[in-house]
Amino acid sequence: TSSACSPSDDCSGSSSDFDTDVEQRRKQGGGIPLADELAEAAPPARRTRQRRHRHSRSSRSRRHRLPSRSASSAVVAESDYFNMASDVTERQPERLFKIVTAGDAAVGKTSFVSCFCDDSCPTATVTTVGVDFRTRTLAVDDHVIAIQLWDTAGQERFRSLAKSYFRRADGALLIYDCTDEGSFVGVRDWLLEIRESSNSEIPVMLVANK
Amino acid sequence: MITQMQKAVGGWKLLPELNLPSSSSSGPALPFARQDAMSAPPRPPVSDREFQSHLDSAGRVRDFWALKQAVFLGGLDPSLRKVAWRLLLPVFPKGSTGQERIAFMKRSAQRYFEMKRCWKETYAAGQMSQAHLALITAISKDVIRTDRGHPFYSGGNGNVATGGSMADAAESEYSPHILQLFDLLVTYAIYHPSVGYAQGMSDLASPLLVVQKDEAYAYICFCALMCRTKDNFRRESTAMLTKFQHLHDLIVHMDAELAAFLRCHGLADMFFTHRWLLLEMKREFQFDDTLRMLEVQWAGLPHLFTFPKSADGVPLQEDACIGVASPASASTSAAAAVSPPSPKDTPYLRLQSMLRQSREEASAAASSGASATAAVVLKDGVVELPPPEVLGCGNPFLLFMCASMLQEHRDR
């Protein structure tokens, strides 16, 4: 199961979890629903709740799913944002949110990001080295926003560099592999790193993957 | 690829404008900083016949610089890579004959298999330390994600063994080459405790295994490559920070407009080039083009990297780890005895001290900044770049390739 992303329903499950969550927040009228605030590592109950919604994908509205795909190259992604012409939304995003992924190596961060930005799951990914950027535009209520996902490397050795990404982030997706206990234990360290490195208390969403 | 390399070489043409110190004042010069070489178009790859003409009757390389210049400008014929890469990496000491090289490879391969047998026995006996088991888990996760699209690594059903460990995986589960890559990396990590394993190493080792087609030979080449690049993988990231800083300086120097663009988008710290620098562009090209790009890059390294530091050829393990890996170390210690690097190697020591100084400056600058985390000092102007042996920690060509890639996007 440590292979990046094998059964496709698992991956769409993750993506769906996120979207479901987004939609729920939206319905609750919670403003722009970006990420959930977690005071500390979430108990498994949270995961159960997400899992319940895994198969709800087909039944829910897709009206706010307006993907804008972009290349993973940093430079291209960056300029994509600034020239993001509205081939999809017809409107410039009102705001760009920078969301950083975090979590141990091989928990599926890159697969998750690909699922979210491309609506399709990669059958194989490569180890992320440094950082990759992906952007997706979403229409939420009457707002058009762009989410720039910074996909970071998981290995502990490169955390001193990963910290610089947390510093500029508006939120973080903290991902663990629910088949790997070690990656859940690692969540605590990641939370500490994020708290220490970010300038303000940024929202952190815990995601169980695989 | 050729176009990209031409552009990269085009970047190289900027050298005279960079106010690089002359060779007399800064030690050995870059091999190709001469005007004629810089304006020459890329030539066809070095053929077998031409390669032979660079060797004397005993197989010694007559003029290493002539050979490296030919490779730098044209690359190698694919059939030559297996042998010629060992010279470029470099594996062999100065003045080695063909027979000496063959003997060295055989001897080293034998030693490699002893080292590998040793940790495998320790593993099978259940006596492996937690740290080493963690290495094995990490490497297991990465080798199955390394160049899997390449036919060399295809095959096997690809299912991951329960528990994520590959050390006791059945042969049928993986391509044999994936298992070789795994064994090679584990052996390296265990016998180089100061380096260990870090993500990205599997990318560096993979082309070596594809070209050498032999696990032990690939290991020897990997040791040679890591001698130069291991600082990139260190936890404290100072070598990487130095490279980010130098790349920033280079861009500011070469193309102020581009530098301003990056700065206004918050990219001036160049952290987004982490993968380019760490893997020396290995992931940025198609696999076959990568092989050409790597050999060109190695051929363009400054003089100090022409031969291994040790007079015996590249060492296969760190001195400090003799006996560490296994309880059954009697055979290992004997097999693993390597003479220590020569302390008389003054050009090397001088380079080390220059690099250290450069890093200290970088870290001093970082610590004086507002942030406690690693930082690159953003500059408005750069008058003088470090000398070639220091620029990019001894691989200035890599920085020029990065700059060329950025300029390509900029022009578009």
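Keep in mind the model is a prediction, meaning the values are calculated, not measured. Below, read A as the first sequence line, B as the second, and so on, with proteins coming before strands; counting in each chain starts at 1.
- You'll find the side chain of S206(B) reaches within 4.5 Å of the side chain of Y153(B), heavy atoms only.
- Looking at R234(B), the atoms closer than 4.5 Å to chain A (heavy atoms on both sides) all sit in the backbone: N, CA, C or O.
- The structure places CG of D104(A) at 11.5 Å from CD1 of I175(A), a figure rounded to the nearest 0.5 Å.
- Between chain A and the residues L277(B), T146(B), D269(B), D203(B), the most heavy-atom pairs under 4.5 angstrom are made by D269(B).
- Using a 4.5 Å cut-off between heavy atoms, F244(B) touches chain A through its side chain atoms alone.
- A distance of 6.0 Å or more separates the ring centres of Y123(B) and H132(B).
- With hydrogens and angles left out, the side-chain atoms of E318(B) and S194(B) include a donor and acceptor closer than 3.5 Å.
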